[in-house]
Number of protein chains: 2
Amino acid sequence: MSSDVDQATPKYYLLKTEVLGLIANLRPGTLIPTERALAEKYATSRTTVRQAISELVAEGKLGRIQGHGTFVAAPKVTHVRQLTSFSDDARSQGLRSDSTVLALDVVGSDAEVSAHLELDQGKPVTRLERIRLIEGEPLAHETAWLPGKLPRFKSKLANSGSLYAVLAADYGIRIADVEDTVETALAGPADVRLLGIEMGAPLLVVHRLARDVGGTPVEWTRSTFRGDRFRFVSRVKSGN
Amino acid sequence: MSSDVDQATPKYYLLKTEVLGLIANLRPGTLIPTERALAEKYATSRTTVRQAISELVAEGKLGRIQGHGTFVAAPKVTHVRQLTSFSDDARSQGLRSDSTVLALDVVGSDAEVSAHLELDQGKPVTRLERIRLIEGEPLAHETAWLPGKLPRFKSKLANSGSLYAVLAADYGIRIADVEDTVETALAGPADVRLLGIEMGAPLLVVHRLARDVGGTPVEWTRSTFRGDRFRFVSRVKSGN
DNA sequence: CAACATCATTGGTCTATGCCAATGTTGATC
DNA sequence: GATCAACATTGGCATAGACCAATGATGTTG
């Protein structure tokens with residue numbers, strides 16, 4: 001029967017608020033006190049300090065480097081998605097965008113890919129796996145599957161860097177319709193290795209299905225974005 | 001020397017994978033062993049078990065209730081966003097949608113709201129704060145700000161439940177363009193209270209700015225969605 | 001039989017502590 | 001002066017244990 005909200009606020013959450021106040025006016029990169037120092041200052045245990053710090057790291061407010069310290073994080077990068085690709089988006093914001101190709105090959109489609117591309121399982125699909133960087137920092141891990149084989153795809157992609165531009169210019173494939181799904185996930189060892197984040201960090205997992213004018217699927221992509229450095233923006237205009 | 005795999009992957013992550021295997025073929029709602037039992041079974045401490053379980057809860061794979069136990073979670077709800085609203089989206093999927101109005105009043109716009117609605121600070125705006133439920137379960141906390149006062153807004157909204165339908169039918173406001181930004185956050189005490197989730201759970205925070213045909217902002221909304229039960233879907237069609 | 005008090009169980013929070021891994025500094029060596 | 005080894009510092013992982021809070025079963029009582 002009793003109203004009972006504030007009484008129950010755990011100490012680690014109060015500490016989290018406290019640290020937020022500490023860093024409010026600090027520039028990105030500024031080191032904050034060590035975990036052991038904070039534990040002593042606020043008369044608590046290092047475990048409790050770590051729980052507070054961990055959540056602030058997961059939210060993108062702090063960063064930490066083992067052996068170095070914990071520091072104020074840089075503001076989030078904003079990313080715009082329309083019918084454009086990653087590289088176009090970045091360019092439109094005046095940001096330097098790069099990508100590292102991890103794999104570019106033709107493989108047999110598995111159950112998931114074939115279902116989305118509406119192909120029979122095992123049919124050849126072109127797989128393009130890339131790390132996407134903005135301002136030199138890895139922000140996303142992206143794997144795209146395209147139906148069939150694309151002749152001289154590698155060299156053409158190397159020139160442009162923009163998948164959608166190559167598809168349109170060299171293969172006559174025009175994207176007419178995309179559907180994105182966004183959900184949260186937590187970073188595992190593979191994400192840690194590829195994106196340079198820490199275990200358990202929140203991720204935005206985006207699946208994109210693109211179709212051409214006739215409604216035929218032409219691209220199925222799974223992208224993993226750093227949740228701490230990223231905002232997903234979609235603009236929709238009424239067709240009426 | 002060292003066996004390299006042990007060193008690379010922390011024990012809590014191995015345990016996480018182990019538990020994923022345990023629940024792979026279990027129906028939602030099935031209780032898994034208690035934290036103390038798991039700690040004993042895998043010869044580890046309860047702290048380590050909790051770190052593994054906590055991440056699985058954050059990912060929406062498990063749920064837990066204090067005093068009761070830890071159980072397999074239900075699959076995610078899919079949510080479609082176009083130029084539609086929450087209620088329309090749910091209906092199109094055959095899901096029962098409700099909303100609880102927490103606040104419906106006229107307030108002076110603060111700095112953030114006035115900036116987005118392109119008003120002078122302090123100008124009156126209509127504030128509508130709601131909890132959104134699907135199938136009786138709270139999934140989102142949503143606060144919308146609309147420029148000015150809307151006569152008889154309360155009664156009109158009560159009839160329809162759909163904000164966009166009311167705006168169009170009763171006030172002649174037609175949305176022509178929306179921009180959504182999506183980012184991750186972690187649940188604090190207020191989110192815990194309103195959405196019935198646990199501290200530190202990942203959230204999707206969506207800001208929406210809607211404009212009419214003339215480009216005038218007509219709605220600024222901040223929505224907080226449960227990251228564990230939700231997928232954000234946006235469909236974009238080419239206007240070319 | 002219904003209502004209530006009791007109590008064991010289970011998750012939630014916190015402490016205190018230890019060792020490992022990565023980093024950066026200090027100082028010896030060439 | 002440059003190089004490299006040793007060491008201190010800092011975050012990362014894990015243990016063992018304690019107490020609290022919510023839940024649900026058990027048993028008592030009116």
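As the structure is a computational prediction, the values presented were derived from the model and not from experiment. Chain naming here is simple, since letters A, B, ... match the order of the sequence lines and numbering starts at 1 in each. All heavy atoms count here, side chains included; hydrogens, waters and symmetry mates do not.
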Asker: Expressed as a whole number of angstroms, how long is the span from A:Glu40:CD to C:dA16:P?
Answerer: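 Atom-to-atom, A:Glu40 to C:dA16, this comes out as 12 Å.
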Asker: Give, ordered by number, those residues of residues 26-36 of chain B having at least one heavy-atom distance below 4.0 Å to an atom of DNA chain C; if nothing qualifies, reply none.
Answerer: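 Within this stretch, B:Thr34, B:Glu35, B:Arg36 sit under 4.0 Å of the strand.
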Asker: If we check salt bridge (Lys or Arg N to Asp or Glu O under 4.0 Å) with A:Glu142, which of these qualifies: A:Arg127, A:Arg132, A:Arg222, A:Arg208?
Answerer: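 That would be A:Arg132.
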Asker: Is it true that, when you exclude B:Glu40 itself, more than 12 heavy atoms of the residues, nucleotides or ligands shown sit nearer than 6.0 Å to its CD?
Answerer: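 Open: at most 12 neighbouring heavy atoms sit under 6.0 Å from CD of B:Glu40.
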Asker: State yes or no: are the ring centers of B:Trp220 and B:His207 separated by less than 6.0 Å?
Answerer: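 Between B:His207 and B:Trp220, which both carry aromatic rings, the centre distance is below 6.0 Å.
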Asker: Could you give the CD-to-P distance, from B:Glu198 to C:dG11, as a whole number of Å?
Answerer: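 So the two atoms are 12 Å apart, to the nearest Å.
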Asker: Does A:Thr44 offer a backbone N or O that forms a donor-acceptor pair with the side chain of A:Thr48 under 3.5 Å?
Answerer: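 No; judged by distance alone, with no hydrogens or angles, the pair does not exist.
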Asker: Which residues in residues 11-21 of chain A have a heavy atom closer than 4.0 Å to any atom of DNA chain C?
Answerer: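 Within residues 11-21 of chain A, the residues near DNA chain C are A:Lys11, A:Tyr12.
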Asker: Give, for atom OG1 of B:Thr70 and atom CD1 of B:Ile32, the distance between the pair rounded to the nearest 0.5 Å.
Answerer: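 One gets 5.0 Å once the value is rounded to the nearest 0.5 Å.
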Asker: Once rounded to the nearest 0.5 Å, what's the spacing between atom CG of B:Asp110 and atom CH2 of B:Trp145?
Answerer: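 Answer rounded to 0.5 Å: 7.0 Å.
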Asker: Quick check: do B:Leu204 and A:Leu204 have side-chain heavy atoms less than 4.5 Å from each other?
Answerer: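 In short, these two side chains touch, coming nearer than 4.5 Å.
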Asker: Under 3.5 Å, side chain of B:Thr184 to main-chain N/O of A:Gly227, donor-acceptor pair present?
Answerer: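 Pair found, side chain donor or acceptor close to backbone of A:Gly227.
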Asker: Between B:Gln66 (CD) and C:dT10 (P), how many Å, whole number?
Answerer: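 The answer, rounded to whole Å, is 13 Å.
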Asker: Do you see a donor-acceptor pair shorter than 3.5 Å between the side chains of B:Tyr164 and B:Glu219?
Answerer: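 Their side chains do contain a donor-acceptor pair, which is all the 3.5 Å distance test asks for.
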Asker: Is any side-chain heavy atom of B:Val182 closer than 4.5 Å to one of B:Val205?
Answerer: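 No, every pair of side-chain atoms sits at 4.5 Å or beyond.
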Asker: How about B:Leu128 and B:Leu146: do any of their side-chain heavy atoms sit closer than 4.5 Å?
Answerer: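 Side chain of B:Leu128 against side chain of B:Leu146, heavy atoms only: no contact under 4.5 Å found.
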Asker: Would you tabulate the nitrogen or oxygen pairs shorter than 3.5 Å linking the protein to nucleotides 24-27 of chain C?
Answerer:
none

Asker: Which residues within residues 44-65 of chain B lie with some heavy atom under 4.0 Å of an atom in DNA chain C?
Answerer: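 Result for residues 44-65 of chain B: B:Arg46, B:Arg50, B:Arg64, B:Ile65, sorted by number.
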Asker: What's the angle between the local helix axes at either end of the helix from C:dC1-D:dG30 to C:dC30-D:dG1, using five pairs per end and rounding to 10 degrees?
Answerer: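 Comparing the first five pairs with the last five, the axes sit 10° apart.
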Asker: Rounded to the nearest 0.5 Å, how far does CG of B:Asp180 lie from OG of B:Ser223?
Answerer: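 These two atoms lie 8.5 Å from each other.
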Asker: Under 4.5 Å between any side-chain heavy atoms of B:Val101 and B:Lys154, yes or no?
Answerer: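 Result no, sub-4.5 Å side-chain heavy-atom pair not found.
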Asker: For A:Thr70 and D:dT10, is the shortest distance between a side-chain N/O and OP1 or OP2 below 4.0 Å?
Answerer: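 For A:Thr70, the contact criterion (side-chain N or O under 4.0 Å from OP1 or OP2 of D:dT10) is not met.
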Asker: When rounded to the nearest 0.5 angstrom, what distance separates OG1 in B:Thr17 from OH in B:Tyr12?
Answerer: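 That separation rounds to 10.5 Å.
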Asker: List the atom pairs, donor and acceptor, that lie under 3.5 Å between side-chain atoms in residues 54-63 of chain A and the rest of the protein, sequence neighbours left out.
Answerer:
residue : atom : partner : partner atom : Å
A:Ser54 : OG   : A:Arg50 : O            : 2.6
A:Ser54 : OG   : A:Arg64 : NH2          : 3.0
A:Glu55 : OE1  : A:Lys16 : NZ           : 2.8
A:Glu59 : OE1  : A:Lys61 : NZ           : 3.0
A:Glu59 : OE2  : A:Lys16 : NZ           : 3.1

Asker: Starting at atom CG of B:Leu38, determine the distance to atom P of D:dA14, rounded to an integer number of angstrom.
Answerer: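 Atom-to-atom, B:Leu38 to D:dA14, this comes out as 15 Å.
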